[in-house]
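The model shown is predicted, which means the values in this text are computed figures rather than measured ones. All heavy atoms count here, side chains included; hydrogens, waters and symmetry mates do not. Position 1 is the first residue of the sequence, and the numbers go up from there.
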Amino acid sequence: MLGISDSVARGFDDVLRGSIWLILSGLVVNLSGLVFWLLSSRFAGASGVGYAASAVSISGLVSTLLNLGLSYAMLREIPVRGSKAFSSGLLIAFLLGLLGSLIVIYTPLSSLYTGFSSYAFLAVVMTILSMVSMVSLNTLVAMDMVWEYFLVVLASNIARIAVGIPLILLGYGGLGAALGMLLASIVASMASLALSVRRLGLAAPGSGDLAEVLRIGVSNYPISLSPALVSGGVVAAGILTRDPEAAGVTYISLMISSAVGLIPSSVASVSIPAMMRGASPELSRLGASLSASLVLPIAVGVGISSRSILGILGSDFSARWEILTILSLASIPYAAIANSMSRMNWERSLARLATIGVASLATLATLSPILAGLAGVKGIAIAYLASSIAPLPLIRGIDIHGIIKMMAIQAILTIGLSQPPREPLIDAALGVMGSIASIIAAHISRASRIELLGRAIAVAINIVRNRQANRE
């Protein structure tokens, strides 16, 4: 038994249903991305991947620096203000995208490496598209159009592989990979925009609508900057070392570690509009417990088996296995913070949201240059881990004691089993053993709630049954 009221249970089931589609979408992105970058590294080499990854990282860096927390604003305000919130977000995003394009063009980013100018142009276009899709994709989530969200993500990633890999094979190398990424951005932004406009339409926003969207977004903005600074570390690695291989390896590690965070980010994203539509704020506590319980064995397995995971892409990647191991340790704190933020957005606790973001950002900004000077890109990963832990004393509405227990379990297993060099099969086997051990330890210590996992499985089964019934 969940020990909650029927109304909360129904709301939790709705959040689970939406989260599952978002998680599946994230899996499509990351699995297709793994295939895409695996094939790219095989046929374009680490240098070609570095050029393409740098263009993508520049676009991600600039768009994240300028996003002003619009994704959170859409999730919160679309259920309340509808078309006016959407139009406000779209207008702000487009203007910020234009500003971002100027930043790429008129800064040293456009001449990162020799022959990088064509990649810089693609980064300009991807920056504008990513700003638009940030608004339109989160609008689909806010309107509970999670199935349509999944289809858009699936189509964009099919386009990435279907175009990018043939271009690489035709001799375009890293440029072919970058063009594949560009096409994925075009499909995602245009398809999600069309669906959003079809459902909501466009309406001239008033000054009050624009102001409220900006207030909600800016309050969430500081916490969104941490990933931007880590992405900036990828670009910085390329600038300081003039080594695109270092940028490529770090980018792939970030992509893999982001896959581990799919569960908490999905649950938190769906919870915000659900609570704005009247669901209980208890969803944030349940979401944090479920997210951390699901993430724990995955993060432990990834952290322990980082050598063999990166080794799939080649020895150049596995040589920097410590980066992925360090980043995996940020998964449990992220689950707690993301779900706590969903409640604070519902409460409109804007000052506390901003304080949490500033604490995380200040930790990362302070430690990154120091640790990067001592340990290179590995130091940036350590700084990111510290920035994920720093805001924990400020969050509320979750079981913080359970979160701390799971963090301890993960750290002990990951650090204890990831150290000695070994054969890939042994590495993978230890990862599986570590995952199983984490589940047992979390259950014995009562850090996780098995009944929440059972509820999630039941909802997933119902989704499959409903899709089959619809086809029939």
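In summary, of the residues considered (S156, S136, S133), a side chain to side chain donor-acceptor pair (under 3.5 Å) with S192 occurs for S136 alone.
Under the 30°/60° scheme for interplanar angles, the aromatic rings of F150 and W21 are found to be tilted.
Side chain of S340 to backbone of I337: no donor-acceptor contact under 3.5 angstrom is found. Formation of a donor-acceptor pair under 3.5 Å by the S130 side chain with backbone atoms of T127 is found in this model. Distance alone, capped at 3.5 Å, is enough to place a donor-acceptor pair between the R160 side chain and the V29 backbone. Judged purely by atom type and a 3.5 angstrom limit, S59 has no side-chain atom pairing as donor or acceptor with the backbone of A55. Judged purely by atom type and a 3.5 angstrom limit, S360 uses its side chain to pair as donor or acceptor with the backbone of S387. Looking only at distances, a side-chain donor or acceptor of N138 sits under 3.5 Å from a matching main-chain atom of M134. Looking only at distances, no side-chain donor or acceptor of E77 sits under 3.5 Å from a matching main-chain atom of D209.
Taking CD1 from I304 and CG from L324, the interatomic distance works out to 12.0 Å, rounded to the nearest 0.5 Å. Annotation: the span from L294 atom CG to S266 atom OG amounts to 11.0 Å, rounded to 0.5 Å. To the nearest 0.5 angstrom, M275 atom CE is 4.0 Å from S342 atom OG. Distance check, rounded to the nearest 0.5 Å: CE of M276 to CG of N345 gives 9.0 Å. Residue L70 holds its CG atom at 10.5 Å from CG of N220, rounded to the nearest 0.5 Å. The line from CE of M126 to CG of L122 is 5.5 Å long, rounded to the nearest 0.5 Å.
In this structure, M433 places its CE atom where only 12 or fewer heavy-atom neighbours from other residues, nucleotides or ligands lie under 6.0 Å away.
In this structure, L296 and M406 approach most closely via the heavy-atom pair CD1-O, 3.7 Å. Contact record, A268 with A338: CB-O, 3.4 Å, taken as the closest heavy-atom pair. Nearest heavy-atom pair across M143 and L200 is SD-CG, 3.3 Å. Taking every heavy atom of both residues into account, S189 and V132 meet most closely at CB-CG1, 4.5 Å. Considering every non-hydrogen atom in both L417 and G434, the closest pair reads CD1-CA, 4.1 Å. Nearest approach of S435 to V300, heavy atoms of both residues: N-CG1, 3.9 Å.
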Just do the side chain to side chain contact (heavy atoms under 4.5 Å, CB included) check on L22 and V141 with the steps written out, would you? CA-CA 9 Å; L22 261 63; V141 176; 4.1 Å; yes
Worked check of side chain to side chain contact (heavy atoms under 4.5 Å, CB included) between R76 and W346: CA-CA 7 Å; R76 188 189 189 281; W346 172 78; 6.0 Å; no
One pair to check against side chain to side chain contact (heavy atoms under 4.5 Å, CB included): S32 and I161. What are the steps and the verdict? CA-CA 8 Å; S32 65; I161 294 176; 3.8 Å; yes
Between L39 and I168, is a side chain to side chain contact (heavy atoms under 4.5 Å, CB included) present by the stated rule, with each step listed? CA-CA 9 Å; L39 295 174; I168 293 173; over 6 Å; no
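Residues L430 and S305 fail the side-chain proximity criterion, which asks for heavy atoms closer than 4.5 Å. Between L327 and L385, the closest side-chain pair of non-hydrogen atoms is not below 4.5 Å. The closest side-chain heavy-atom distance from P333 to I403 is not below 4.5 Å. Residues L182 and L129 are in side-chain contact: their nearest non-hydrogen atoms beyond the backbone lie under 4.5 Å apart. Inter-residue side-chain proximity for S388 and Y334 is flagged as unmet; no heavy-atom pair is nearer than 4.5 Å. Side-chain contact between L31 and V35 is absent, with no heavy atoms from C-beta onward closer than 4.5 Å. No side-chain heavy atom of L65 sits less than 4.5 Å from a side-chain heavy atom of I103. Between I165 and L169 there is a side-chain heavy-atom pair separated by less than 4.5 Å.
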Identify each donor-acceptor pair in which a side-chain atom of residues 85-97 lies under 3.5 Å from a protein atom, sequence neighbours left out, and give them as a table.
unit_1, atom_1, unit_2, atom_2, d
S87, OG, S83, O, 3.0
S87, OG, A203, N, 3.0
S87, OG, A203, O, 3.0
S88, OG, K84, O, 2.7

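Screening residues 129-156 for salt bridge (charged side-chain N to carboxylate O under 4.0 Å, His left out), with sequence neighbours left out, gives R17-D144.
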